[in-house]
Number of protein chains: 2
Amino acid sequence: MPWRNGTGPPWIHGKFQGCGYRLTMPRQVIMDVLSQTSEHLSAEDIYLAVHKIYPAIGLTTVYRTLEILVQMGLVFKFDFGDGRARYELSEGPKSIGHHHHLVCSGCGRIIDYTDFIDDEVELLKKTEKGLSKKYNFKITNHLIQFYGLCDKCQ
Amino acid sequence: MPWRNGTGPPWIHGKFQGCGYRLTMPRQVIMDVLSQTSEHLSAEDIYLAVHKIYPAIGLTTVYRTLEILVQMGLVFKFDFGDGRARYELSEGPKSIGHHHHLVCSGCGRIIDYTDFIDDEVELLKKTEKGLSKKYNFKITNHLIQFYGLCDKCQ
DNA sequence: TATTTATTGATAATGGTTTTCATTATTAAT
DNA sequence: ATTAATAATGAAAACCATTATCAATAAATA
């Protein structure tokens, strides 16, 4: 990485400013934490990780920042049914790119998968076009999740 | 409908017994309420509707019953991001059959759609088969949702 | 009928998320 | 630079959907 910890890549700065937000230290560190993991972190997970780097952080700020990041499209918010939201960077160094999740109903394990993306994209394009037309609904995002039992739980 | 209010169709009774549950009055009325709507009711919505027919109902019982119904596969539980779960009968008189949802990020409106189900089913079959094999993950269910802005919000 | 077992509902507790609000940091104006 | 206006922060309290507790009731079984 060509930037110091907490400094963040330059384009992030522009993105924030472009949306009328300031790229403050807490926000940079939250972005760093999200960039350096491929896990599905909860707000508290993020709070704890940020706290190691920037101990003055408050949980409230984490929630507020995540809301902004989701709204800016930099972060995806997921609900895997365990009562707490999970957050993932939508793009970045460790991002595995466009993917979806297998959610184990037994142990709650989450498996990322990127298979059949080509077929999926084809269907989605068709579907999005059709639905946009039929309902005049402007689609910005989609969610696909599979539920079932992982190898250890069946 | 060939059965009285709160009596429910016969097969429901068998289903409950088969799972080791009793088909009590509160449970029957909850099933009735779910059968007679095509909306996306929250637990409280259901509680209020049931309360008109069966005033002794408690909110706790509604939650407990819904949990059972979901676990039995009679009801789907959804999260549309407004902080409360929504419940839909997976099959029944007013059910529109297999469908998915468009979620408006502006006003929270939910639009059911059943388009492209054939193409979707094809992709899902392929995907499920591939993922089951690759990850040894036994898929029981899936979720597809589109997010965006409805006609009134753009 | 007696006895075991499941179900119920009022209440309290839980816990993730939001709101409040005074303080602090950042930007813009002078 | 200094000051004024604005945005961001964090501690604490509030919120609110959902769960756990537990005594009372209903249903199934012996």
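The model shown is predicted, which means the values in this text are computed figures rather than measured ones. Within every chain, numbering begins at 1; the chains are lettered A, B, ... in the order of the sequence lines, protein sequences first and strands thereafter.
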Residues forming a side chain to side chain donor-acceptor pair (under 3.5 Å) with [X], sequence neighbours excluded:
| X | result |
| --- | --- |
| B/Q145 | B/Y147 |
| A/R27 | none |
| B/D45 | B/S42 |
| B/T127 | none |

Of all residues at least two apart in sequence or in a different chain, which pass the side-chain contact (heavy atoms from CB on, under 4.5 Å) check with [X]?
| X | value |
| --- | --- |
| B/D115 | A/L131, A/K134, A/Y135, B/Y113 |
| B/Q17 | B/H13 |
| B/A49 | B/V33 |

Let me check something: any side-chain donor-acceptor pairs from residues 53-72 of chain B under 3.5 Å, sequence neighbours excluded? List them with distances.
unit_1 : atom_1 : unit_2 : atom_2 : d
B/T65  : OG1    : B/T61  : O      : 2.7
B/Q71  : OE1    : B/Y21  : OH     : 3.0

Nucleotide [N], atom [atom2] - distance to [atom1] of [X] in whole Å:
| X | N | atom1 | atom2 | result |
| --- | --- | --- | --- | --- |
| A/L66 | D/dA8 | CG | C1' | 15 Å |
| A/I57 | D/dA11 | CD1 | P | 10 Å |
| B/M25 | D/dA27 | CE | C1' | 13 Å |
| B/Q17 | D/dA28 | CD | P | 8 Å |

N/O (side chain, A/T61) to phosphate O (OP1/OP2, D/dA8) under 4.0 Å: no

Specify the residue among B/R22 and B/V62 whose closest nucleotide of DNA chain C lies further upstream toward the 5′ end. B/R22

Would A/H142 and A/H100 count as a close aromatic pair, with their ring centres under 6.0 Å? yes

Would you please indicate yes or no on a ring centroid separation below 6.0 angstrom for A/H101 and A/F78? yes

To the nearest 10 degrees, the angle between the two end axes of the helix from C/dT1-D/dA30 to C/dT30-D/dA1 (five pairs per end) comes to 30°

Check every strand shown and say whether B/Y47 touches a base, only sugar-phosphate, or nothing at a heavy-atom separation below 4.0 Å. nothing

Quick check for you: name the first and last nucleotides of DNA chain C, 5' to 3', having an atom under 4.0 Å from a heavy atom of chain B. C/dT5 to C/dT11

What string of B, S and - do you get for nucleotides 12-22 of chain D, 5' to 3', when a contact is any protein heavy atom under 4.0 Å? B----SSBBB-

Checking B/H51 now: which residues fulfil ring-ring contact (aromatic ring centres under 6.0 Å, His included) with it, not counting sequence neighbours? B/Y47

